[in-house]
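Computed from heavy atoms alone, side chains included, the values below leave out hydrogens, waters and symmetry copies.
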Amino acid sequence: MNTLKNCLSFDEEEMKSLAVVTLILGFIASFRYWGVDEFSFQTGLNNFISSVLIVALSVITHLFVQRFIALKKGYRVDYKRWNIGLAIGLILVFLSNGFVMFLAIGGIVIHQFRRKRVGLFRGGMRYDDLALISFFGPLTNLVLAILFKTLVFLPNTVLIDKLVMINIWIALFALLPIPPMAGANIFYSSRVLYLMAVIMFVMIAVLL
């Protein structure tokens, strides 16, 4: 129970960051859907709300799994949004009229619980641990996309498609080798692991 509580506990700054990220990425994901032939505020608002909820689910699940893995290995994870990435996303969605969705949720800062690491590793933070914790974030979104894809039998296939699409883009952009994205930690830890992860993620994304 304490582990679950720690995984879902965010401080005030993290809550603000999560709110900003979900609203901006929700707007980016819904940009093309403010009416099909002409502008419709009600249609756009409905798509914006559903996109925000999907992004919130995707980001929180992403962070939950990363925090869970981190706690098991003796680390604490703090969420950090990427303001430059959010700005790039907004610029690209306007310039492309919504066809380019740069969904960069940000990254994590990992801190070591030294008392839990005594006798296990005395050289500081292990880079393979850092890569593993980071990797589980985008992997979680990819798994969510696969799970949602199996729900095609449900009547609202448009919502299911949106769930799959948003999680795929979040997973792929999270692999960018740019700090503070998860891909940077994987890339600097192991080029081979990073290349394998990118190939696997792209192949599965194409199949979905």
Side-chain angles (χ1 to χ4, degrees), residues 1-22 24-26 53-86 89 102-117 120-121 124-148 163-164 166-190 193-198 200-201 204-205:
M1 184 61 71
N2 287 334
T3 299
L4 294 177
K5 182 179 179 181
N6 289 331
C7 289
L8 291 172
S9 62
F10 298 97
D11 60 31
E12 184 177 351
E13 189 61 33
E14 287 178 313
M15 292 295 290
K16 291 179 181 177
S17 291
L18 286 171
V20 170
V21 167
T22 53
I24 292 179
L25 297 191
L53 293 175
I54 292 171
V55 170
L57 170 66
S58 304
V59 173
I60 290 174
T61 307
H62 176 116
L63 293 173
F64 174 86
V65 173
Q66 284 181 324
R67 286 188 168 195
F68 181 81
I69 300 299
L71 285 171
K72 292 300 181 181
K73 288 192 166 290
Y75 299 100
R76 176 174 61 85
V77 166
D78 292 333
Y79 173 62
K80 181 180 181 181
R81 75 172 185 264
W82 186 29
N83 292 327
I84 295 176
L86 295 176
F102 187 79
L103 303 182
I105 68 173
I108 55 174
V109 179
I110 301 176
H111 307 278
Q112 186 178 19
F113 288 130
R114 295 190 180 279
R115 65 180 183 279
K116 292 186 178 182
R117 305 292 292 181
L120 294 177
F121 187 77
M125 184 179 297
R126 295 175 60 104
Y127 288 105
D128 54 343
D129 285 345
L130 180 63
L132 181 67
I133 294 166
S134 299
F135 175 73
F136 266 92
L139 179 63
T140 298
N141 293 114
L142 195 64
V143 171
L144 283 176
I146 294 172
L147 291 177
F148 288 134
L163 283 160
V164 173
I166 288 177
N167 274 281
I168 286 176
W169 284 121
I170 287 178
L172 291 176
F173 284 122
L175 285 179
L176 289 174
I178 304 171
M181 306 301 288
N185 295 330
I186 303 170
F187 180 82
Y188 291 118
S189 174
S190 171
L193 175 61
Y194 179 78
L195 182 61
M196 290 175 60
V198 170
M200 180 185 72
F201 276 47
I204 294 176

Within-4.5 Å side-chain heavy-atom neighbours: [X] and [Y]:
{"X": "Leu176", "Y": "Phe102", "result": "yes"}
{"X": "Leu86", "Y": "Leu25", "result": "yes"}
{"X": "Leu18", "Y": "Leu63", "result": "yes"}
{"X": "Ser134", "Y": "Ile108", "result": "yes"}

Non-neighbouring partners of Phe136 that pass ring pair (Phe, Tyr, Trp, His ring centres under 6.0 Å), sequence neighbours left out
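Per chain and number, Phe136 pairs via ring pair (Phe, Tyr, Trp, His ring centres under 6.0 Å) with no residue.
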Rounded to the nearest 0.5 Å, what separation is found between the [atom1] atom of [X] and the [atom2] atom of [Y]?
{"X": "Glu13", "Y": "Asp78", "atom1": "CD", "atom2": "CG", "result": "11.0 Å"}
{"X": "Ile146", "Y": "Ile168", "atom1": "CD1", "atom2": "CD1", "result": "8.5 Å"}
{"X": "Tyr79", "Y": "Ile60", "atom1": "OH", "atom2": "CD1", "result": "10.5 Å"}
{"X": "Ile178", "Y": "Ile84", "atom1": "CD1", "atom2": "CD1", "result": "9.5 Å"}
{"X": "Ile186", "Y": "Ile133", "atom1": "CD1", "atom2": "CD1", "result": "11.5 Å"}

Give a yes or no on this: more than 12 heavy atoms of other residues, nucleotides or ligands lie within 6.0 Å of atom CH2 of Trp82.
yes
May I ask you to check whether over 12 heavy atoms, not counting those of Met200, lie within 6.0 Å of atom CE?
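More than 12 heavy atoms, drawn from other residues, nucleotides or ligands, come within 6.0 Å of this atom.
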Looking only at atom types and distance, does a side-chain atom of [X] sit under 3.5 Å from a main-chain N or O of [Y], one as donor and one as acceptor?
{"X": "Thr61", "Y": "Ser58", "value": "no"}
{"X": "Ser189", "Y": "Asn185", "value": "no"}
{"X": "Tyr194", "Y": "Leu175", "value": "yes"}

Quick one: closest heavy-atom pair of Met181 and Gly106, and the distance?
SD-O, 3.5 Å
Going by side chain to side chain donor-acceptor pair (under 3.5 Å), name the residues that satisfy it together with Asn141, two or more places apart in sequence or in a different chain.
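If we apply the side chain to side chain donor-acceptor pair (under 3.5 Å) test to Asn141, skipping adjacent residues, the hits are His62, Asn167.
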Could you list the residues that satisfy salt bridge (charged side-chain N to carboxylate O under 4.0 Å, His left out) with Lys80, not counting sequence neighbours?
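With neighbours one apart ignored, the set is empty.
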